[in-house]
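The analysis underlying the following values was restricted to heavy atoms, covering all of them including side chains, and did not include hydrogens, waters or symmetry mates.
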Amino acid sequence: MVIPDYDKALYYTLWGQWDDLLVLMVRTKDDILSKKIERFLNDYHFSMDHQQVLLSHDTLLYYLEHAMKLTTPLNQEKIEM
């Protein structure tokens with residue numbers, strides 16, 4: 001069973017597994033996901049503005065929610081037909 005990148009990213013983000021999130025950022029084929037992860041990790045480690053960290057975190061979560069809605073198993077079956 002293959003776990004999609006979006007599920008992994010959500011899990012790593014919610015549980016604070018930044019090293020695994022960084023590896024996923026490099027390996028994913030979704031450029032937008034990669035950029036959202038990069039922005040969040042950069043803000044988390046280097047930004048002095050707590051609001052900016054929260055904003056990039058929320059932006060990543062919103063993107064994951066959106067992407068997961070579009071890649072449900074039912075939708076994947078429809079695309080393959």
Applying the 4.5 Å side-chain criterion to the ILVMFWY set and letting contacts propagate, would L64 and V26 be lumped into a single cluster? yes
Is atom CG of D49 surrounded by more than 12 heavy atoms (other residues, nucleotides or ligands) closer than 6.0 Å? yes
Sequence-distant partners of Y44, side-chain hydrogen bond (donor to acceptor under 3.5 Å, both in side chains), two or more places apart: W18
More than 12 heavy atoms from other groups under 6.0 Å of NE2 on H50: no
To the nearest 0.5 Å, what is the distance between OG1 on T13 and NZ on K36? 13.0 Å
From Y12 atom OH to L22 atom CG, the distance as rounded to the nearest 0.5 Å: 11.5 Å
D31 CG to K35 NZ distance, which is reported to the nearest 0.5 Å: 7.5 Å
Does L24 reach the side chain of Y11, with side-chain heavy atoms less than 4.5 Å apart? no
Using the rule that two of Ile, Leu, Val, Met, Phe, Trp, Tyr join whenever any of their side-chain heavy atoms come within less than 4.5 Å, decide whether Y63 and L14 are in one cluster. yes
Rounded to the nearest 0.5 Å, how far does CG of D5 lie from CG of D30? 7.5 Å
Any W15 side-chain heavy atom under 4.5 Å of D20 side chain: no
Using a 3.5 Å cut-off and no angle test, enumerate the donor-acceptor pairs between side-chain atoms of residues 52-61 and protein atoms at least two apart in sequence or in another chain.
| unit_1 | atom_1 | unit_2 | atom_2 | d |
| --- | --- | --- | --- | --- |
| Q52 | NE2 | D43 | OD2 | 3.1 |
| S56 | OG | D43 | OD2 | 3.1 |
| S56 | OG | Q52 | O | 3.3 |
| S56 | OG | V53 | O | 3.1 |
| T59 | OG1 | L55 | O | 2.7 |

same_hphob_cluster(V23, L33) at 4.5 Å side-chain heavy-atom cutoff: no
Closest non-hydrogen atom pair between N42 and R39, with its separation: ND2-NH2, 2.9 Å
Check whether L41 and Y62 end up in the same hydrophobic cluster, where Ile, Leu, Val, Met, Phe, Trp and Tyr are linked by side-chain heavy atoms less than 4.5 Å apart. no
